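I have placed the structure first, in the form of structure tokens, so that the comments after it can refer back to it.
Remember, predicted model here, so these are calculated numbers, not experimental data. We count residues from 1, following the sequence as given. Side chains are part of it too, since the values below use all heavy atoms of this structure and drop only hydrogens, waters and symmetry mates.
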Amino acid sequence: MAGQEQFGPMMDVLRALAEPTRLRLVWALSTREHSVSDLAELVSAHVAAVSQHLAKLREAGLVTSRRDGTRIFYRAATPHLADLLDQLVVVGGHVSGELDLPRPAAAPATAAAAAVRTAAAARSRPAGSRARTAEP
């Protein structure tokens, strides 16, 4: 379908977070750095399985790693990951009925979200075309 390529990176993030173990790993990494063995203990999984999950999260751009001797440490690739998780909790609470918060008023888009939308719109236009602007 035309125009869906603009959602590619977002879909990669959502696919990566759709697996419960990966979501738990990201949750742990959103606040501080952890070694693979620490993460395996936190999610009650084998180190090899956790390493595979972390590779998927790295491919999606959600985590980064560093080596310290023989140990590998992972951390969130962006501080915005914690914000995303907070919003997932709120949306999940609304969907499940556990949160009965008023719907927020339509707020202006953040600068980051506006920049992403502008870039996505530019990618979806045919080459050589210009964005439409409102006539005065």
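Between R75 and T64, some side-chain heavy-atom pair lies under the 4.5 Å cut-off.
In terms of hydrophobic clustering, with Ile, Leu, Val, Met, Phe, Trp and Tyr side chains grouped at heavy-atom distances under 4.5 Å, F7 and L84 are assigned to different clusters. Hydrophobic clustering keeps F73 apart from V50 (ILVMFWY residues linked when any side-chain heavy atoms are closer than 4.5 Å, directly or through intermediates). Note: the hydrophobic cluster containing V47 also contains L25 (ILVMFWY, side chain heavy atoms under 4.5 Å, direct or indirect links). A chain of hydrophobic side-chain contacts below 4.5 Å, direct or via other Ile, Leu, Val, Met, Phe, Trp or Tyr residues, connects L81 to L88. Linking ILVMFWY side-chain heavy atoms closer than 4.5 Å, directly or via other members, places V91 and V89 in two distinct hydrophobic clusters.
Atom CZ of R71 sits about 5.0 Å away from atom OG of S37, to the nearest 0.5 Å. The structure places CG of D68 at 10.5 Å from OG of S35, a figure rounded to the nearest 0.5 Å. Annotation: the span from L62 atom CG to T78 atom OG1 amounts to 9.5 Å, rounded to 0.5 Å. One distance of note links OG1 of T21 with CG of L39; it measures 11.5 Å at 0.5 Å rounding.
Nearest heavy atoms, L54 versus V63: O-CG2, 3.9 Å. Between A76 and S30 the shortest heavy-atom distance is CB-CA, 4.3 Å. Minimum interatomic distance between G61 and A77 (heavy atoms only, all atoms of both residues): O-CB, 3.3 Å.
Salt-bridge check for D12 with R15: passed, with a basic side-chain N closer than 4.0 Å to an acidic carboxylate O.
Evaluation of the salt bridge (charged side-chain N to carboxylate O under 4.0 Å, His left out) test over residues 16-27, restricted to residues two or more places apart or in two chains, returns none.
Remark: of the listed residues R58, E33, H34, R58 is the sole one forming a side-chain hydrogen bond (donor to acceptor under 3.5 Å, both in side chains) with Y74.
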